[in-house]
Amino acid sequence: IFVFAGCATLKEKLPPLDLDRTAQAFFDDLQKSDNQGAYGLFAKGLSQRVSFDQFDQFMKTIRDQWGRIETDETAVMPFHRRMGEKNFIPLNVAPQQVKRYIFDVKFENADMNFDLTLAPEGDTYKIVWFSIWGSSIYMKPEIQEKIEQLFSKPENP
């Protein structure tokens, strides 16, 4: 308990997360079931589109269906736009500033891939887009519904 309390105190005094640490911190937070911490890594555009409650419910659905995250491994990929992502890339951000990480995430009951797209926001990098893909065996209707709720355009009143 002492070690965790010390880390939590030091976290506030650390310099802003760089690109690599931001991507890894997202999955570290999810492994600890710290959905608020993971959500805090979202850029303004994504956090304005996806509320914390939506993200929290999405992650709870994933845990219910797939279990807890056991491991994650990553590879940096060159940036190339993905469908739906363009609305989240901030203006005046050059393509070479945008980075994509692909994580091979092993859950207790599933193996899936997560894409995280990061771009600079202020003096740090933030997650501007994420997606999940993998075998359709694991994409149960409950999870597909939550994904659609996260990224569907709100209807005009």
Side-chain angles (χ1 to χ4, degrees), residues 3-63 65-108 110-134 138-139 143 146-152:
V3 173
F4 292 119
C7 291
T9 303
L10 291 175
K11 184 176 182 180
E12 295 300 320
K13 297 178 183 178
L14 291 175
L17 292 174
D18 64 14
L19 179 64
D20 294 334
R21 291 189 351 203
T22 300
Q24 188 59 55
F26 181 75
F27 285 99
D28 291 348
D29 287 343
L30 293 180
Q31 274 188 305
K32 296 182 286 187
S33 297
D34 181 4
N35 294 347
Q36 185 71 49
Y39 183 80
L41 298 170
F42 286 177
K44 287 179 189 171
L46 185 57
S47 64
Q48 289 169 344
R49 178 73 170 268
V50 176
S51 72
F52 172 72
D53 289 337
Q54 287 175 298
F55 179 72
D56 190 48
Q57 287 302 312
F58 174 65
M59 294 313 303
K60 287 178 181 175
T61 300
I62 284 179
R63 269 188 224 97
Q65 297 290 317
W66 298 340
R68 298 183 62 79
I69 294 175
E70 293 181 341
T71 63
D72 57 81
E73 295 178 17
T74 185
V76 179
M77 302 297 288
F79 175 68
H80 56 286
R81 292 193 190 271
R82 296 265 169 108
M83 185 179 292
E85 159 182 79
K86 67 181 175 190
N87 299 328
F88 295 91
I89 305 295
L91 295 174
N92 302 320
V93 172
Q96 59 269 29
Q97 291 178 289
V98 179
K99 304 296 179 201
R100 172 166 295 115
Y101 287 80
I102 297 177
F103 283 81
D104 177 23
V105 182
K106 298 199 182 331
F107 293 85
E108 292 170 323
D111 292 339
M112 299 300 288
N113 295 294
F114 279 67
D115 286 355
L116 295 182
T117 304
L118 290 90
E121 183 176 281
D123 62 350
T124 188
Y125 272 81
K126 293 283 192 163
I127 299 167
V128 296
W129 177 256
F130 74 93
S131 63
I132 300 170
W133 49 280
Y138 305 119
M139 295 300 275
I143 292 175
K146 292 293 182 187
I147 291 172
E148 289 172 17
Q149 288 173 357
L150 283 179
F151 295 112
S152 63

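Quick note: residue numbers are just sequence positions, from 1.
Inspection of the D72 and Q24 side chains reveals an N or O donor paired with an N or O acceptor under 3.5 Å.
Under the ring-ring contact (aromatic ring centres under 6.0 Å, His included) criterion, F114 pairs with F27, not counting sequence neighbours. Checked against side-chain hydrogen bond (donor to acceptor under 3.5 Å, both in side chains), D104 has the following partners two or more places apart in sequence or in another chain: K106. Partners of F58 under the ring-ring contact (aromatic ring centres under 6.0 Å, His included) rule, at least two apart in sequence or in another chain, do not exist in this structure. Legend: residues meeting salt bridge (charged side-chain N to carboxylate O under 4.0 Å, His left out) with D56, ordered by chain and number and at least two apart, are K60. The salt bridge (charged side-chain N to carboxylate O under 4.0 Å, His left out) check on K44 picks up nothing, with sequence neighbours excluded. Among residues two or more places apart in sequence or in another chain, the ring-ring contact (aromatic ring centres under 6.0 Å, His included) test is passed with Y138 by none.
Atom OG1 of T124 is separated from atom CZ of R21 by 8.5 Å, given to the nearest 0.5 angstrom. To the nearest 0.5 Å, atom CD of residue Q31 and atom CZ of residue R68 are 8.5 Å apart. Interatomic distance, OG1 of T22 versus CG of L118, reported as 6.0 Å (0.5 Å rounding). Summarising the geometry, atom NZ belonging to K146 is positioned 12.5 Å from atom CE belonging to M59; distances are rounded to the nearest 0.5 Å. How far CE of M112 is from CD1 of I69: 12.0 Å, rounded to the nearest 0.5 Å. How far CG of L30 is from CG of N35: 6.0 Å, rounded to the nearest 0.5 Å.
Summarising the geometry of V93 relative to P120, their closest heavy-atom pair is CG1-CD, 4.0 Å, with the distance given to 0.1 Å. Across N92 and Q97, no two heavy atoms sit closer than the pair O-OE1, 4.1 Å.
Contact annotation: the side chain of W133 approaches that of I102 to within less than 4.5 Å [non-hydrogen atoms, C-beta and beyond]. With contacts defined as side-chain heavy-atom distances shorter than 4.5 Å, the pair W66/V105 does not qualify. Residues K126 and S47 fail the side-chain proximity criterion, which asks for heavy atoms closer than 4.5 Å.
Under a 3.5 Å cut-off, the side chain of K99 and the backbone N or O of L116 do not form any donor-acceptor pair.
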Criterion side chain to side chain contact (heavy atoms under 4.5 Å, CB included) on Y39 and D29, from CA distance to verdict
CA-CA 9 Å; Y39 183 80; D29 287 343; over 6 Å; no
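Taking the six-membered ring where the residue is Trp, F130 and F55 present perpendicular rings, their angle passing 60° and hence far from 30°.
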